[in-house]
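The chains referred to below are lettered A, B, ... by the order of the sequence lines, with proteins before strands, and numbering in each begins at 1.
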Amino acid sequence: MWKQFLSKLPRKSSKSDASSGSVSHPINDCTGPLNRNPIQRTSSGNVVPSRSTTVKRTASAIFPSSVVTSIEPLLLFKDVPNSQKQNLFISKLNLCCVVFDFSDPNKNSTEKDMKRQALLGLIDYVDAGASRFTEPMISASCKMFAVNLFRAFPPNTRSCTGGGENEEEEPIFDPAWCHLQLVYDLLLKFVESSSLDAKIGKKYVDISFIVRLLDLFDSEDPRERDCLKTVLHRIYGKFMVHRPFIRKAVSNIFYRFVFEADRHNGIAELLEVFASVISGFALPLKEEHRLFFQRVLIPLHKPKTLGVYLQQLTYCVTQFIEKEPKMACSVIKGLVRYWPVTNSQKEVMFLSELEEVLEAIDTTELKNCMVPLFQRLGFCISSSHFQVAERALFLLNNDHVISLVAQNRQAIMPLVLPALERNTRSHWNQAVINLSQNVKKMLSEMDEEIFLACKKELGKEEEKRRIAEEKREMIWERLESSAALQPVTGNTAILVMPTEAPPITAALT
Amino acid sequence: MATIDEPLYPIAILIDELKNEDIQLRLNSIRRLSTIARALGEERTRKELIPFLSENNDDDDEVLLAMAEELGVFIPYVGGVEHAHVLLPPLETLCTVEETCVRDKAVESLCRIGAQMKESDLVDWFVPLVKRLAAGEWFTARVSSCGLFHVAYPSSPDQLKAELRSIYAQMCQDDTPMVRRAAASNLGKFAATIEQHHLKTDIMSMFEDLTQDDQDSVRLLAVEGCAALGKLLEPQDCIASILPVIVNFSQDKSWRVRYMVANQLYELCEAVGPEATRADLVPAYVRLLRDNEAEVRIAAAGKVTKFCRILSPHLAIQHILPCVKELSTDSSQHVRSALASVIMGMAPVLGKDATIEQLLPIFLSLLKDEFPDVRLNIISKLEQVNQVIGIDLLSQSLLPAIVELAEDRHWRVRLAIIEYIPLLASQLGVGFFDDKLGALCMQWLEDKVFSIREAAATNLKRLAEDFGPEWAMQHIVPEVLEKINNPHYLYRMTVLRAISLLAPVMGADITCQKLLPVVIASSKDRVPNIKFNVAKVLQSLVSVLDQSVVDKTIRPCLVELSEDPDVDVRYFAGQALQACDQVMMSS
């Protein structure tokens with residue numbers, strides 16, 4: 001579905017019907033039953049002071065006079081003549097610029113409802129798409145969005161320990177959501193609306209607006225991130241001039257997340273938007289996009305919270321491979337390079353991504369990376385963690401993978417057979433033993449000659465390894481003694497202690 | 001030996017090892033790079049090994065990290081400082097790799113090498129390297145360069161200095177926030193090497209750029225450097241350029257920025273002097289103490305004493321104390337806890353009258369706080385308060401809190417209290433102690449948690465040391481010994497432990513007459529654990545008692561234990577007997 005929509009992206013016209021069925025998570029989803037027991041937080045920033053006790057009915061009495069324009073904002077659109085509608089629009093927007101404190105649900109409840117009604121009125125008006133938005137209307141809208149949405153998130157109340165391992169973490173819900181949701185609704189309708197001229201709009205939906213919008217992706221509230229995803233997607237679609245900037249700014253978020261070891265809540269959502277961006281790339285791929293692939297998508301496999309966004313990441317990766325099959329090899333090299341040798345959970349994830357990539361790869365591409373790949377797979381097959389071993393063995397049951405192995409059996413069999421042999425002899429887990437036997441049988445049926453040759457080598461292998469080990473120790477010993485004979489004249493040797501490597505380390509390995 | 005029959009090719013060995021598929025082996029060979037270098041000799045290290053390393057850095061990050069680290073201490077192996085520059089190229093490449101740890105380590109090693117290089121070499125080799133990195137295509141190189149300017153700058157001639165300053169200014173305005181963040185976090189270090197007149201112009205304008213960045217993360221790092229920068233400037237310049245920024249930041253919309261300000265505001269007070277502190281920093285600090293966000297209040301509360309020390313008592317009482325009062329009943333326990341850990345330090349600042357009138361009530365309410373950390377933080381700083389308000393007042397208000405904490409649910413709280421008992425006892429005096437605390441000390445010996453029982457035994461020893469054997473004989477020993485009849489063997493074991501600790505303090509006579517019989521009697525216990533602990537205690541008593549007693553009482557008992565059916569009892573009895581023999585031999 002993304003693809004369908006994206007094929008329309010490059011065209012200039014922004015049809016409002018494009019929204020129908022274009023997003024895999026429709027925005028309405030977020031009004032669902034998520035509202036159970038929202039965690040209360042004290043919000044900071046410009047909130048209405050708690051001591052305002054006077055509750056009066058007219059907006060002008062409650063809200064500072066400067067924000068109320070000539071027309072009473074509480075009127076309904078249907079009650080004013082057409083000529084006044086635009087004024088009423090701005091007047092309502094100004095009213096909505098007052099942000100309330102939701103940490104106490106009973107405070108200012110009348111005013112809160114007033115604002116809610118105003119927002120609903122605005123949404124209906126934009127939805128109706130009566131006339132083109134004038135510049136003052138666009139300016140007032142963007143101001144209202146900024147005032148309501150661009151806020152600093154409160155400190156993360158959960159313990160920061162545990163990393164991303166515990167995925168059943170309860171999401172945190174923003175208590176102000178009942179207003180925020182409407183503001184997001186309005187923003188989405190506003191951007192999508194054919195009444196918004198991108199040429200004027202881009203003056204207000206500018207770079208700074210986009211940067212601050214992107215900052216919001218770090219929100220703890222999954223409903224908010226979901227809205228943002230759709231909004232960003234539409235902005236990318238509508239404002240062609242901003243596309244390079246958006247790509248760069250999102251890359252920077254990814255860079256920070258990967259290289260400065262930060263946490264970020266919105267990686268999955270940003271990747272989802274990017275998947276559709278990627279599928280819109282023209283062929284041949286521009287250098288910028290290749291760099292993005294190499295420097296952003298591949299390193300994104302590194303962080304330990306990978307599990308949270310793996311699905312979206314894999315989707316992006318396969319999108320790239322579909323565009324250009326040559327990319328498959330760099331993915332595999334990247335995966336082997338970042339292989340999480342000490343994190344079994346992540347190993348399983350890597351294996352499942354590997355399977356998807358292998359599904360898309362062709363034989364000629366595979367030849368460039370199969371040796372390191374199947375070496376790694378060999379390690380996984382004989383992993384003492386049964387889930388890793390199982391997952392790796394399942395991979396070798398995949399029809400496409402089997403055919404790849406068959407085509408390159410000369411090279412691949414010697415890499416995986418030792419591991420299979422080890423498993424059938426001494427793995428602790430029965431299921432792994434059975435699977436290993438099956439794969440072995442399959443390989444021997446594939447080419448008995450190579451299979452037997454490999455088996456023969458196997459016995460010698462261990463002996464060879466032992467000899468190599470002994471030789472290595474001897475070489476280092478000789479190196480040590482000849483190093484000891486060399487005088488260290490360095491006139492600064494006193495400054496730095498020579499780092500003497502104890503010979504034990506070699507003996508231990 | 002072997003060197004004669006077959007020549008060694010150290011580089012070939014390294015190349016071979018680095019090809020190995022086992023990362024552990026590759027890592028090991030990198031870790032032994034110095035061995036290879038020494039075997040090669042300095043000249044071949046320079047001409048062969050280092051160029052080889054410069055070209056071969058397509059390995060796992062772990063191996064690269066090790067390489068970056070090794071190269072940092074490699075100067076002796078390339079022939080001393082005059083050849084240090086040959087180490088720069090491999091490190092330069094490591095500065096551009098993707099993995100942050102490797103880059104950081106490479107920068108660290110470069111700084112280390114640069115610090116030893118001669119001035120002319122720095123200009124010839126190090127400065128061009130910094131410039132190349134700063135012009136790097138990908139952000140990694142530029143990020144790395146930011147951490148090197150402070151090494152390159154001091155030895156450069158004026159023209160080059162100007163160029164370096166302007167390059168750094170570019171880094172502060174770089175396209176990518178990663179580079180701007182690196183520039184912001186290294187600004188203080190760089191500024192410290194810069195001449196005063198350039199500081200005012202160039203560095204301050206960079207600082208201003210960074211503080212107005214639209215990325216929160218960049219501004220945050222700029223604030224972090226505020227205090228360091230402020231200290232480098234003359235007070236009037238600091239007031240003119242840093243003060244407005246920090247006051248502005250103290251009202252930033254991001255709580256993280258305000259948090260940073262709260263953490264280091266006190267450091268700026270010295271830099272701007274008393275006048276500006278009173279006019280600008282005190283109001284800013286008061287705002288932070290009343291911030292909406294608990295995190296900010298925690299940071300501000302934690303600095304309350306440091307801040308007050310700089311102020312005059314009058315200002316502290318007038319402006320800070322009311323906030324402290326509010327914070328003591330803050331809704332966040334962490335705020336109260338942070339306050340409790342420093343509030344004691346305010347007493348000497350405020351003086352006796354203000355302390356009794358204003359601080360004591362706060363302090364008492366914190367002592368009764370429902371959150372144990374808060375109470376503990378207060379108790380752990382008692383000495384400071386004692387100095388100001390005196391022991392009488394303190395003990396009256398303190399005792400109920402101590403008794404309550406002594407029975408706290410959390411054993412760590414109980415442990416903390418026990419550790420303060422000797423201090424309290426020495427301050428409160430024997431009389432007070434006997435009345436109120438003595439019973440508690442005995443009660444802890446029968447705690448459910450081992451660490452508490454252990455601490456209780458140690459506590460008795462320290463009390464005996466403070467108040468003397470005679471007092472201990474009267475107040476501690478009888479009660480301890482009575483507990484040897486406890487039906488639970490773990491409590492009997494605690495008594496044995498207490499005896500072994502008390503014996504050296506009590507001296508030979510009392511030990512022989514009072515303590516030893518109890519130990520000997522326990523050797524007939526039905527539980528093997530008690531029996532082998534008896535053996536251990538007896539071993540420890542050997543050094544305290546006379547040789548005659550050892551021979552007459554201890555040795556026979558141990559001999560008997562050494563024939564016990566339990567293997568552990570036999571083992572420890574054997575150990576103790578050996579110890580007896582050794583003492584005899586030496587005497």
[X], part contacting chain A, at a heavy-atom distance under 4.5 Å:
X: B:Tyr259; result: neither
X: B:Asp104; result: neither
X: B:Ser29; result: both

Using every non-hydrogen atom in the two residues, find where A:Ala152 and B:Ser254 come nearest and quote the distance to one decimal.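 A:Ala152 and B:Ser254 have their closest heavy atoms at CB-CA, 3.7 Å.
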
Is it the case that atom [atom1] in [X] sees more than 12 heavy atoms from other parts of the structure closer than 6.0 Å?
X: A:Glu260; atom1: CD; result: yes
X: A:Gln294; atom1: CD; result: yes
X: A:Tyr338; atom1: OH; result: yes

First locate atom CG of A:Asp218, then atom CG of B:Asp216, and finally report the distance between them rounded to the nearest 0.5 Å.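 Rounded to the nearest 0.5 Å, the CG-CG separation comes out at 10.5 Å.
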
Spacing of OG1 belonging to B:Thr176 relative to CZ belonging to A:Arg256, to within rounding of 0.5 Å: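 Taking OG1 in B:Thr176 and CZ in A:Arg256, the distance rounds to 12.5 Å.
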
So do the side chains of [X] and [Y] get within less than 4.5 Å of each other, counting heavy atoms only?
X: B:Asp61; Y: A:Lys302; value: yes
X: A:Asn252; Y: B:Gln215; value: no
X: B:Arg32; Y: A:Leu479; value: no

With a 4.0 Å cut-off on N to O distance, would you call B:Glu98 and A:Arg337 a salt bridge?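 Salt bridge: no.
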
Select, from B:Asp252, B:Asp175, B:Leu33, B:Leu40, the one with the greatest count of heavy-atom pairs under 4.5 Å involving chain A.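 Greatest number of close heavy-atom pairs with chain A: B:Asp175.
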
Counting distance only, does the side-chain N/O of B:Thr100 pair as donor-acceptor with the main-chain N or O of A:Phe259 below 3.5 Å?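 Such a contact is found between B:Thr100 side chain and A:Phe259 backbone.
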
